[in-house]
Structure formats: C-alpha cells, structure tokens
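No hydrogens, no waters, no symmetry mates; every other heavy atom, side chains included, goes into these values. By convention in this document, chain letters (A, B, ...) are assigned in the order of the sequence lines, proteins followed by strands, and residues within each chain are numbered from 1.
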There are 2 protein chains.
Amino acid sequence: MATGTRDRVIDAALALFAERGVAAVPVTAIEAAAGLAAGSGAFYRHFRNKTELVDALVDRELARARDRVPPARDEAGSDATELLVTRLRADLDFLRELGPLIHILVSERRRNPELVERLRSTAFEASIESGMAEVLSLAPPRAVRDDPEAAAQVMLSAMVGFFLAEEYYGRPAGPVSAERFARALAALLTSGP
Amino acid sequence: MATGTRDRVIDAALALFAERGVAAVPVTAIEAAAGLAAGSGAFYRHFRNKTELVDALVDRELARARDRVPPARDEAGSDATELLVTRLRADLDFLRELGPLIHILVSERRRNPELVERLRSTAFEASIESGMAEVLSLAPPRAVRDDPEAAAQVMLSAMVGFFLAEEYYGRPAGPVSAERFARALAALLTSGP
DNA sequence: GTCTATATTTCGATAGAC
DNA sequence: GTCTATCGAAATATAGAC
C-alpha cells in the first residue's frame with residue numbers, strides 16, 4: 001500500500017494523541033502503532049514532522065465531520081419533547097464520534113489560534129443558530145421565547161458539558177444516564193403536556 | 001527565601017502547564033519562569049521530578065479550592081430566578097478561578113485515574129446533590145420536579161459547558177454573555193412570572 | 001517505501017563549587 | 001539553595017542500503 005500508510009499513520013496518531021496528548025507521544029510510538037519499525041525514519045517519508053502530521057490529521061477529521069450526513073428524521077406522530085430528545089441523542093452521538101479530535105483540538109488550541117477562530121466562527125455559531133431554530137419550532141416555554149439565542153446556547157453547553165464529563169470520568173459521571181439527561185434537557189426546553 | 005521558592009515553582013508551573021500542557025513543558029522552562037537559572041538543577045532541590053511537582057501542585061490547588069469560603073448570600077427580597085442567577089454567577093466565578101487547575105487535571109487524567117475517581121465521587125456528586133436541593137427549593141417547573149437529579153446535572157453541565165467554551169475560544173464564544181447565559185438557564189429552571 | 005544505523009538536539013537528572 | 005558543568009537517556013531527523 002503506497003499511500004495507505006499515510007492514513008494508517010494518521011489513524012494511529014489520532015488514537016495516541018487523544019489518549020496521551022500530542023506532546024507526550026514520540027514519533028517512534030506513532031511508527032510502532034502504524035506497523036512501521038519504531039525508530040526507523042519511515043514516518044518522515046509521509047510527514048515533514050509532527051506538527052505537519054497534526055495539521056493533516058485535523059484537516060482530515062474536520063472534513064470527515066463536515067461530510068457526515070445527518071440521519072433522516074422520522075418525526076411522524078411525535079410530540080415536541082420527543083422530537084427534541086431525538087435531536088439531542090444524535091448530537092451526543094456526533095460528539096462521541098468526534099471525541100478524539102476534540103481532545104486534540106483542545107490540547108493544541110494555543111498552537112493553532114487560527115483554527116480555533118475558524119471553529120468558533122463557523123461550527124459554534126452555526127450550532128447556536130440551528131439550535132435556536134429547532135427549539136423555537138417546538139412549542140417552547142416562556143423562558144425560551146424570551147431569549148431563544150441564550151436558550152440555544154444553554155442546550156448546546158449542556159450537551160457539551162455532559163459529553164465532556166463522560167469523557168473525563170471515563171463513563172457516565174453520575175447516576176444520570178445519557179438518555180435521562182437528554183429527556184430532562186428536552187423537557188426543560190419544551191412546554192410538554 | 002528558603003521555602004518560598006517551592007511555591008514560586010508551583011506558581012510558574014501552574015501557568016505553564018495550563019497554557020501548554022504538562023508534557024510539553026520542560027523542567028528548564030519551569031526554572032526560568034520561577035526565576036531560577038534554566039538548566040541548573042535548582043528545580044530538583046524542591047521536587048524529585050516533574051511528576052512529584054504535578055502531585056504537589058494538584059494537592060495545593062485542590063486544597064485551596066476546598067478552603068474557599070462561599071460568599072454570603074443576600075437573599076432578601078429576591079425572587080426564585082434571581083436567587084438562582086446569583087448562584088450561577090458564583091459558580092462561574094469559581095470555575096474561572098479553577099481554570100488552570102482544570103486544564104491540568106484534564107490533560108493528566110490518564111496518568112492519574114485515582115485522582116479522577118476522587119473528584120468524581122466527591123466534587124461531582126456533591127455538586128449534583130447541592131444543585132438538586134437548590135433547584136427544588138425555588139418553585140421549579142414541572143420538568144424539574146419530574147427528575148430533579150437530572151435537572152441538577154443539566155444545570156451543572158450547562159455551566160461547565162459554557163465555561164469551557166469561554167476558555168477554549170479565549171473569550172465568550174458567541175453573542176451570549178455570561179450574565180445573559182445565567183439568566184436564561186435560571187429562567188428555564190424556575191417557573192418565574 | 002521501509003529498513004538499519006546514526007547524527008543531532010533536547011530534556012531529565014546529578015556532582016561539586018560557592 | 002543556587003550556580004556551572006556535565007552525563008545519560010530519549011526524542012527528532014537524516015543517510016544510505018535494500
């Protein structure tokens with residue numbers, strides 16, 4: 001596999017970086033995990049250095065995230081809360097898929113301020129906007145109607161906070177499962193019966 | 001200053017670790033930032049190695065966080081939402097104070113699973129419990145009464161998520177200020193007029 | 001493209017003078 | 001306790017055979 005190795009290196013690095021952090025993973029460890037001889041410079045046939053690998057990795061994973069098709073919605077016969085729960089479940093799955101990339105982006109944020117700004121001004125703002133539209137379409141309570149933008153950020157922040165606690169603590173941090181969390185959040189954001 | 005240097009080293013390391021991550025900061029950089037000659041082993045008169053420094057740093061900062069006295073509440077004449085906003089403001093200030101420590105704990109979580117568990121089983125669970133008590137005492141809407149534990153975790157997760165977005169993006173990530181965020185969250189969790 | 005081998009740099013850690 | 005000096009280990013990166 002001529003060009004397949006490059007992707008194997010990225011795959012190996014993605015897992016190692018997410019686990020230990022970029023700075024703590026030597027190139028030799030990446031080589032080993034990618035099935036190359038550790039200590040051979042084989043890595044350098046594919047990337048000039050570790051920095052360039054990080055860039056390529058982030059580019060590839062962000063593109064992958066962008067291209068991900070949102071699952072088709074089956075809304076028939078559901079009430080507002082139920083619809084929102086479905087969305088929140090999908091959001092959490094998405095975050096979980098992106099988990100390794102997120103850890104890397106966080107640990108590399110100081111070395112890549114332009115990337116941070118790109119994410120903020122596109123992904124973040126788009127999330128708020130779409131969250132606002134969603135929540136407004138679902139018979140929201142007064143608190144949501146009063147400031148839909150802030151309510152959308154509450155929704156987004158809560159999901160991110162839950163996801164990160166899950167990641168940090170290894171498993172659900174408390175007695176509240178993801179499903180129960182999503183239901184509680186959805187119930188707060190919709191009037192319900 | 002005999003023992004003062006030790007604390008200066010910890011202070012310097014706290015800032016550097018939070019900024020770049022523990023693994024990426026060499027001992028020489030810590031020495032320089034603490035006013036010692038970079039490359040001299042002066043560091044090793046105070047700590048056996050970097051691992052021991054991390055332990056001492058985390059211990060010191062966690063003790064500092066535990067000893068922090070919560071600001072006295074002045075509740076007279078406030079309604080439920082207002083009381084909760086006050087609490088959320090204080091929570092966010094607390095998180096901001098702990099910012100550097102939080103980054104270090106996150107980046108070191110794989111190397112210190114016992115510490116992670118200690119945090120989960122004390123700080124996390126205590127936060128949920130006290131959040132649940134607080135939110136139940138404030139004329140909550142039906143969604144909160146249905147599952148107060150989950151509602152408390154929504155509150156905690158939202159605050160953590162907001163705080164982390166602020167930290168990651170450098171400043172408020174979107175058009176919603178901390179104050180506006182706290183108001184929206186408090187309004188969702190209380191019936192309010 | 002991958003290997004063995006190695007040059008080079010950086011970092012962790014210690015010895016000994018002051 | 002801090003310094004200069006330095007050793008040894010580990011990591012980055014290159015050279016050249018296959």
Side-chain angles (χ1 to χ4, degrees), chain A residues 1-60 100 103-104 107-112, chain B residues 1-60 100 103-105 107-112 115:
Chain A
M1 297 281 147
T3 188
T5 303
R6 187 186 157 95
D7 275 310
R8 284 203 343 266
V9 169
I10 294 182
D11 291 336
L14 182 60
L16 289 171
F17 288 166
E19 178 83 11
R20 302 189 222 161
V22 175
V25 177
V27 171
T28 59
I30 300 170
E31 287 175 329
L36 300 171
S40 76
F43 170 90
Y44 295 97
R45 292 283 161 182
H46 304 278
F47 304 95
R48 252 218 273 280
N49 48 46
K50 218 162 70 172
T51 302
E52 198 181 85
L53 164 63
V54 172
D55 290 345
L57 183 160
V58 170
D59 279 349
R60 196 193 76 173
H103 291 303
I104 293 170
S107 72
E108 292 295 290
R109 69 193 184 285
R110 302 291 177 173
R111 256 179 294 267
N112 229 325
Chain B
M1 296 280 149
T3 188
T5 302
R6 187 185 158 94
D7 274 310
R8 284 206 339 269
V9 169
I10 294 183
D11 291 336
L14 183 61
L16 289 171
F17 288 167
E19 178 84 10
R20 302 189 222 162
V22 174
V25 177
V27 171
T28 59
I30 300 171
E31 287 174 328
L36 301 170
S40 75
F43 170 91
Y44 295 97
R45 293 283 162 181
H46 303 278
F47 304 95
R48 253 218 271 279
N49 48 46
K50 217 162 71 171
T51 303
E52 199 181 84
L53 164 62
V54 172
D55 291 344
L57 184 159
V58 170
D59 279 350
R60 196 193 77 173
H103 291 304
I104 293 171
L105 290 175
S107 72
E108 290 296 288
R109 68 193 186 285
R110 302 291 178 175
R111 256 178 295 266
N112 228 326
L115 180 59

For the pair made of NZ in B/Lys50 and C1' in C/dC11, what is the distance, rounded to whole Å? 9 Å

Taken to the nearest whole Å, OH/B/Tyr44 to C1'/D/dA5 is 15 Å

For a quick test of reading the model: is some side-chain N or O of B/Thr5 closer than 4.0 Å to OP1 or OP2 of D/dT2? yes

Is there a side-chain contact between B/Leu115 and B/Asp55, using heavy atoms and a 4.5 Å cut-off? no

May I ask you to test the A/Asp11-A/Arg60 pair for a side-chain heavy-atom distance under 4.5 Å? yes

If I take atom CZ in residue A/Arg45 and atom P in nucleotide D/dC18, what distance separates them, rounded to the nearest angstrom? 15 Å

Short side-chain to backbone donor-acceptor contact, A/Arg6 and A/His46, under 3.5 Å: yes

Rounded interatomic separation in angstrom, taking NE2 from B/His46 and C1' from C/dA13: 15 Å

Under 4.0 Å from any atom of DNA chain D, heavy atoms only: list the residues of residues 19-39 of chain B that qualify, in numerical order. B/Leu36, B/Ala37, B/Gly39

Expected output: side-chain A/Glu52 to main-chain A/Phe47 donor-acceptor under 3.5 Å: no

Whether B/Glu19 side chain and A/Arg110 backbone form a donor-acceptor pair below 3.5 Å: no

How long is the line joining CZ of A/Phe47 and P of D/dT12, in whole Å? 15 Å

Can you find a heavy atom in the side chain of B/Ile30 that is under 4.5 Å from one in the side chain of B/Phe17? yes

Value in whole Å for how far the P atom of C/dG12 lies from CG of B/Leu53: 11 Å

Given DNA chain C, 5'-ward residue of the pair B/Gly41 and A/Ala42, judged by closest heavy atom: A/Ala42

Tell me the interatomic distance from B/Phe43, atom CZ, to C/dT14, atom P, rounded to whole angstroms. 11 Å

